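Single-structure report; data block below.
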Amino acid sequence: MLPFDRTITINRKDTTRKMMKKRIVALLLAGLMSAAALTSCRVQNKNPGGTEPENSTPTQTTTPTNPYQPPVETWQDVDKKVYTFQEVKLRQQATNTGAALASIPKETELHCIKQSQSWYYVEYEDQQGYISKASVTEANILGTDMVAVEGGSKVMYVNTETLNIRLYPSDNNNFSDKMGSYKFNDEVTVLATNGKWARIQYSEDKIYYVSWTYLSETKGEDPNDLTKYEGLFNDVEGEPTMYVDNVSQVKLRKAPNTSSSEILALSKGDSVTVLKEGIVDDKEWKYVVVRVEPKKPGDGVTYERGYISADCLSYTNGEMSLEDLLKLYPMFTATEATTMYVLLDSSITIRSNPVFPEEGEDNSLSNPQSTAESIKSLKVLANGELDGVKWFLVESTKKDGETEKIIRGFVGGKALEYLTSDPNGKKTVTIEELLLKYPEFEKLETPVTVKTVSEANCYGTPETTKDPLKKLDADTQVTLVAKEEGNFVTWAVIQDSQGALYFVHFDRLSQAQ
């Protein structure tokens with residue numbers, strides 16, 4: 001029994017193993033067939049069930065429309081040439097994102113037939129399109145309007161101190177690089193000109209342009225030759241200090257003429273010591289010495305001598321004393337110093353001399369301005385009249401870095417209307433203007449000096465419904481200038497030490513006792 005039973009058991013195990021292998025193989029084959037079917041459906045655009053989708057839409061293709069847009073009717077019709085000074089795109093539309101039709105090289109001449117504020121509509125080769133105005137110019141930078149000089153070339157001479165050499169015949173630095181410069185009396189070989197510019201042979205293989213205005217057929221006299229100025233200049237007593245004024249910058253020159261070579265440039269406010277002065281061709285010049293500070297540590301101070309036009313110099317930079325200013329301007333009379341204020345939200349100009357500058361000149365020393373946060377004050381030291389204009393000689397403070405310095409100068413003309421004696425920066429009126437507004441007050445024939453018997457409020461009108469403009473302590477000296485008419489006086493008009501007019505209660509004044 002045992003052997004038989006064992007044999008049966010072994011056979012059953014073998015049969016079970018064989019059946020399991022068959023099942024595994026069958027499952028693998030089924031999986032592979034399913035994957036293949038899905039792949040086939042996707043490739044054929046079919047649903048998993050193998051039928052066509054109900055809403056299948058075939059793919060459609062469209063042909064893009066031509067984006068070119070012709071100029072609108074509002075564009076201006078023109079017929080002119082423009083020139084590229086850099087590479088520029090010819091576009092289908094008047095926009096920087098428009099498709100490019102072509103790339104136009106720099107230094108190309110184009111025919112423009114229409115234009116807007118920012119674009120040209122041009123012809124280029126066999127196409128028409130748009131170019132940005134920012135990349136072209138109407139100036140003939142190619143010099144195609146030049147006419148050859150007789151004989152093809154001729155030598156001319158520079159008749160100015162410095163003559164710039166340009167890549168194109170234009171002084172606009174945006175498209176005309178400076179290639180160098182000539183000096184006075186340098187020889188220049190001219191090939192052609194249009195009356196404004198000259199085409200020149202700069203070297204064997206380089207052709208540039210210079211301004212035609214500064215070329216001459218013959219050499220000029222040496223502008224630095226000082227022999228012809230002998231006897232025209234006299235020593236200046238005391239060798240006074242003067243300051244660059246009326247201009248932002250002026251050149252110190254080797255000789256008293258504008259063609260002379262530049263020694264150095266001086267800026268507004270720089271000081272010079274005047275050694276001589278003289279008249280050349282009806283123009284006053286100063287021969288001066290200038291202290292030149294070292295440019296780097298270890299260098300010493302140097303001094304340069306030369307000539308400066310007198311109309312670019314002033315005797316003060318704002319620091320001259322009142323006494324010296326009155327010597328220079330005897331038409332001014334010193335007065336008791338009076339404090340004045342610049343009106344709120346106004347500014348005035350303090351000048352180095354009592355003269356209004358011409359266009360392009362500047363003799364301002366300071367421009368004090370009052371705001372609600374800061375009332376600017378100045379002192380009137382003297383007054384005078386020059387050419388029918390009333391002027392004040394004033395003293396004020398000016399910020400100089402972290403510190404303040406005192407300056408003295410002149411305020412005149414309409415600027416005087418922006419000064420007030422009211423410390424609050426408000427416009428004040430004369431006693432005559434005040435009495436016109438308040439006819440119930442009468443002006444005293446002779447103003448009377450009085451004192452306040454107690455603290456007194458000062459008002460802008462004869463009423464107490466508004467806050468006082470300021471308060472006066474007891475025993476403050478003021479001037480009584482007007483009071484109410486009649487036997488019963490409530491209000492009086494006083495003038496304080498700064499010249500401002502106020503209404504105060506009459507019984508606060510010693511005159512009322």
Side-chain angles (χ1 to χ4, degrees), residues 154-165 178 180-190 193 198 200 202 210-295 299-317 328 353 355 358 360-361 363:
K154 67 176 180 180
V155 174
M156 299 186 73
Y157 302 92
V158 177
N159 63 10
T160 188
E161 181 181 1
T162 303
L163 179 60
N164 290 328
I165 302 168
K178 180 180 173 182
S181 62
Y182 287 116
K183 299 299 183 184
F184 184 79
N185 271 347
D186 280 350
E187 291 186 359
V188 181
T189 300
V190 179
T193 180
I200 65 168
Y202 180 75
V210 297
S211 175
W212 174 256
T213 307
Y214 300 107
L215 295 178
S216 175
E217 299 281 351
T218 59
K219 282 189 174 183
E221 295 183 8
D222 182 2
N224 298 319
D225 182 11
L226 295 173
T227 57
K228 59 183 177 181
Y229 304 113
E230 292 179 357
L232 298 180
F233 282 78
N234 299 312
D235 294 339
V236 176
E237 184 179 354
E239 298 183 353
T241 298
M242 296 189 74
Y243 303 88
V244 175
D245 198 12
N246 292 329
V247 292
S248 58
Q249 194 174 74
V250 65
K251 295 177 180 178
L252 179 71
R253 298 185 179 277
K254 289 184 177 180
N257 65 76
T258 54
S259 297
S260 177
S261 298
E262 174 188 344
I263 299 173
L264 56 83
L266 299 173
S267 300
K268 181 178 173 65
D270 286 347
S271 63
V272 301
T273 300
V274 181
L275 306 179
K276 297 176 180 288
E277 59 187 8
I279 305 294
V280 178
D281 297 330
D282 297 326
K283 183 176 182 178
E284 185 179 359
W285 288 81
K286 305 283 188 181
Y287 179 63
V288 304
V289 59
V290 180
R291 176 189 170 100
V292 182
E293 299 297 331
K295 294 183 179 180
D299 290 348
V301 172
T302 59
Y303 295 87
E304 295 286 357
R305 286 172 169 77
Y307 295 84
I308 292 181
S309 175
D311 56 9
C312 297
L313 295 175
S314 169
Y315 278 101
T316 179
N317 63 347
L328 283 174
N353 43 57
V355 175
E358 299 290 338
E361 297 179 348
N363 64 350

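Keep in mind that what you see is a predicted model, and the values were worked out from it rather than measured. Positions are given from 1, in the same order as the sequence printed here.
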Q) When rounded to the nearest 0.5 angstrom, what is the spacing between CD in E187 and CE in M156? A) 12.0 Å
**Q.** Main-chain N/O of F184 paired to N159 side chain as donor or acceptor, under 3.5 Å
**A.** no
**Q.** Criterion side-chain contact (heavy atoms from CB on, under 4.5 Å) against L163, the qualifying member of T213, V158, D186
**A.** V158
Q: Anything under 30° is parallel, anything over 60° is perpendicular, the rest tilted; go ahead and classify Y287 against Y307.
A: tilted
(Q) Does Y229 have more than 12 heavy atoms from other residues, nucleotides or ligands lying within 6.0 Å of its OH? (A) yes
Q: Return the minimal non-hydrogen interatomic distance between N257 and P223, and the atom names on each side.
A: ND2-O, 2.9 Å
**Q.** Shortest non-hydrogen contact between G306 and I263, atoms and distance
**A.** CA-CD1, 4.0 Å
Q: Keeping the roles fixed (side chain from D225, backbone from D222), state whether a donor-acceptor pair exists under 3.5 Å.
A: no
Q) How far apart are the C-alpha atoms of E230 and K228, what are their side-chain angles, what is the distance that settles it, and do they pass the salt bridge (charged side-chain N to carboxylate O under 4.0 Å, His left out) test? A) CA-CA 6 Å; E230 292 179 357; K228 59 183 177 181; over 6 Å; no
Q | Atom of P256, atom of V280 and distance for their closest heavy-atom approach | A | O-CG1, 3.9 Å
Q.
Distance check, rounded to the nearest 0.5 Å: M242 atom CE versus I308 atom CD1?
A. 9.5 Å
Q | Polar contact flag, side-chain donor to acceptor under 3.5 angstrom, N224-K254 | A | no
Q: For atom CG of D281, decide whether the heavy atoms of other residues, nucleotides or ligands shown that lie under 6.0 angstrom number more than 12.
A: no
Q. Ignoring hydrogens and geometry, is there a side-chain-to-backbone donor-acceptor pair from D245 to G269 under 3.5 Å?
A. no
Q.
So does W285 get a backbone contact from the side chain of S309, meaning a donor-acceptor N/O pair under 3.5 Å?
A. no
(Q) Treating R253 as the side-chain partner and S260 as the backbone partner, does any N or O pair qualify as donor plus acceptor under 3.5 Å? (A) yes
Q. Under 3.5 Å, side chain of N353 to main-chain N/O of N363, donor-acceptor pair present?
A. no
Q. Below 4.0 angstrom, N of the basic side chain to O of the carboxylate: do R291 and E293 qualify?
A. yes
Q: Look at atom OH of Y214 and say whether more than 12 heavy atoms of other residues, nucleotides or ligands are closer to it than 6.0 Å.
A: no
